[in-house]
Q: 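Below are the C-alpha cells for one structure; questions will follow.
To find a chain, count down the sequence lines: A is the first, B the second, and so on, and within it residues start at 1.
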Amino acid sequence: MPPVVVDIVEGRIDSAKLIAAVSDPAAGGTAVFIGTTRTPSEGREVRYLEYEAYRPMALKQMTVIAETARSRWSLAGVCAVHRIGRVEIGEASVVIAVSAVHRGAAFEACRFIIDTLKKEVPIWKKEVFAEGHAWAGP
Amino acid sequence: MPPVVVDIVEGRIDSAKLIAAVSDPAAGGTAVFIGTTRTPSEGREVRYLEYEAYRPMALKQMTVIAETARSRWSLAGVCAVHRIGRVEIGEASVVIAVSAVHRGAAFEACRFIIDTLKKEVPIWKKEVFAEGHAWAGP
Amino acid sequence: MNAIRVRVFGKVREIVGAETVDLPAGPAETTATVLDALIGRYPPLEPWRQYLRVALNQEYVPMERRVSPGDEVAVIPPVSGG
Amino acid sequence: MNAIRVRVFGKVREIVGAETVDLPAGPAETTATVLDALIGRYPPLEPWRQYLRVALNQEYVPMERRVSPGDEVAVIPPVSGG
C-alpha cells in the first residue's frame with residue numbers, strides 16, 4: 001500500500017500528480033475533491049483569498065484524518081494537500097484524492113476527509129474584497 | 001453555465017482537462033470520480049480490458065444523466081467521458097467531473113452520475129485473462 | 001417481406017458472431033417477437049433471455065412494444081460500463 | 001517567573017498584531033487561565049472567547065488542562081480551511 005501523503009504548500013496544487021500518487025492496480029475507483037476559491041461570498045465580490053495554517057499541528061491532524069480514513073475504508077491510496085498564502089479565484093485551495101477497490105468506499109472516504117479537515121484542521125481563510133477583508137467566522 | 005460535456009473516446013482520458021472544463025468562479029467544490037481497470041477480478045489475474053459501446057445510444061443516455069444531475073443539484077459544470085477499446089490495468093475507463101457552489105451537491109451529483117451510468121448506459125466490459133476472457137455478467 | 005436489422009453487443013454479439021442480424025419481419029412484430037426470433041436463430045442465447053433488454057431508436061422499451069419498419073432495434077445484454 | 005508563549009492565528013493574530021504573545025506564568029496555569037490572561041491583555045478578543053479552542057503541543061485540549069513549562073500553547077479561532 002502506498003503511504004498516506006499529506007502536505008501544505010504555497011504554490012499551485014497539481015491535481016493530476018495527486019491522482020497519479022494514489023493509483024494502484026488493485027484500485028477500481030479514485031474519488032477526488034478539489035476545493036476552489038469562489039466569488040461572490042455572502043453577496044460580496046471576493047478579489048482573492050489568503051490562507052494561513054498552524055503548520056505542524058495542521059500536518060499532524062491531516063495525517064491522523066488520512067490514516068483514519070485509510071484504515072476505516074481499506075483505501076489503496078490517500079493524498080491530501082492544502083494550499084496556503086494568496087489563492088486567486090477559481091484556483092484550488094485543497095485537493096483530496098483517495099483510491100479504493102470499490103467506488104463507494106472511495107466516495108465516502110473522500111467526503112469524510114474533506115468534512116473532517118474543514119472542522120478540525122487549524123487552517124484559516126481570509127476573504128479579501130475590493131474594500132476590506134473578512135476572516136471566515138464562527 | 002458551461003454546457004454539459006459528455007464523450008466516448010478511444011484513447012487515454014485526460015482528467016486534468018475535464019477538471020478544467022467544469023471550473024467556474026462561482027463553484028466552491030469539484031468532485032471527480034475516476035474509474036480504473038483493476039486486477040485481480042474475482043480471484044483471476046486480469047491482463048487488460050476491452051470496452052465496447054452502443055455509441056449513439058450511450059451518448060444520448062450520458063447526456064440525459066448529466067443534464068438530470070445538473071438541474072437536480074444546480075451544478076456549475078458537468079463532464080462525463082467514457083473510454084472504449086483496449087484499456088490497460090490502472091488506466092482510467094471513465095472520468096466524471098462536476099462542480100457546484102457547495103461540496104455536498106458536487107459529491108452527490110458525481111455519485112449519482114457514475115451509479116446511473118453503470119446501471120443504464122449501453123457500454124460493456126470484457127476482462128481478458130492470460131487464458132480466455134469474460135464479459136462482466138448479470 | 002421487410003427485414004428487421006437487429007444490432008447486438010457484448011456477449012450477444014460474440015454468440016451471434018456479427019454486429020447485426022437481419023430477421024424476416026412479419027406484419028405485427030413486437031420487441032418480444034423480435035427477441036424470440038433472434039434466440040430461435042441462436043439457441044445459445046437462451047440462458048441470456050431473462051437479462052436482455054431491447055432498445056428501439058436508442059431508448060429502452062418494454063417488451064410487447066410494436067416494432068415499426070425503419071425502427072432502430074438493439075438487443076442490450078447487461079451493461080457493465082464504468 | 002517563567003513566561004508562557006502563546007501562538008495566535010487568523011482573526012486573533014490580527015487583533016493581537018503579532019504571531020506570538022508572551023504572558024507571565026504563575027505556578028498553576030491552565031488553558032483557561034492562559035486564555036483569560038490573553039483576553040485580559042487584548043479586550044477586543046472578548047466577543048471571540050466562546051469560539052476559541054486551545055491546543056497544547058499541537059493537540060486540542062479541554063479547558064482547565066494544566067499548562068506546564070515548555071508546553072507549546074496555541075489559541076485556535078474557528079478553523080476555515082478547505
Q: Any idea which heavy atoms bring Pro122(A) and Met57(A) closest together, and the distance?
A: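 What the structure gives for the nearest pair is CG-CG, 3.7 Å.
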Q: Less than 4.5 Å to any heavy atom of chain A: does that hold for the side chain of Asp115(B), its backbone, both, or neither?
A: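 When you check distances to chain A, atoms from both the backbone and side chain of Asp115(B) fall under 4.5 Å.
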Q: In Å and rounded to the nearest 0.5 Å, what is the CZ to CZ distance from Phe107(A) to Phe33(B)?
A: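 Spacing of CZ (Phe107(A)) from CZ (Phe33(B)) equals 5.5 Å.
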Q: Less than 4.5 Å to any heavy atom of chain A: does that hold for the side chain of Val101(B), its backbone, both, or neither?
A: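 For Val101(B), heavy atoms of backbone and side chain both lie under 4.5 Å from chain A.
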Q: Pick one of side chain, backbone, both or neither for Lys17(B), based on which atoms fall under 4.5 Å of a heavy atom in chain A.
A: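 It is neither, since no heavy atom gets under 4.5 Å.
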Q: Which one wins on heavy-atom pair count under 4.5 Å against chain A: Gly35(B), Gly28(B), Ala16(B)?
A: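 Of Gly35(B), Gly28(B), Ala16(B), Gly28(B) has the most heavy-atom pairs under 4.5 Å with chain A.
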Q: Answer yes when Asp7(B) and Arg55(B) have at least one side-chain N-carboxylate O distance shorter than 4.0 Å, and no when they do not.
A: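 Looking at Asp7(B) and Arg55(B), the cut-off is met.
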Q: Are the side chains of Val81(B) and Leu18(B) in touch, meaning some heavy atoms are under 4.5 Å apart?
A: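 Of all side-chain heavy-atom pairs linking Leu18(B) with Val81(B), at least one is under 4.5 Å.
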Q: Heavy-atom pairs under 4.5 Å with chain A are the metric here; pick the option from Ile19(B), Val46(B), Val94(B), Ile96(B) that has the most.
A: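 Of the candidates given, the most pairs with chain A belong to Ile19(B).
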Q: What I'd like to find out is whether the side chain of Glu88(A) reaches to under 4.5 Å of the side chain of Arg86(A), using heavy atoms alone.
A: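 Touching, per the 4.5 Å side-chain cut-off.
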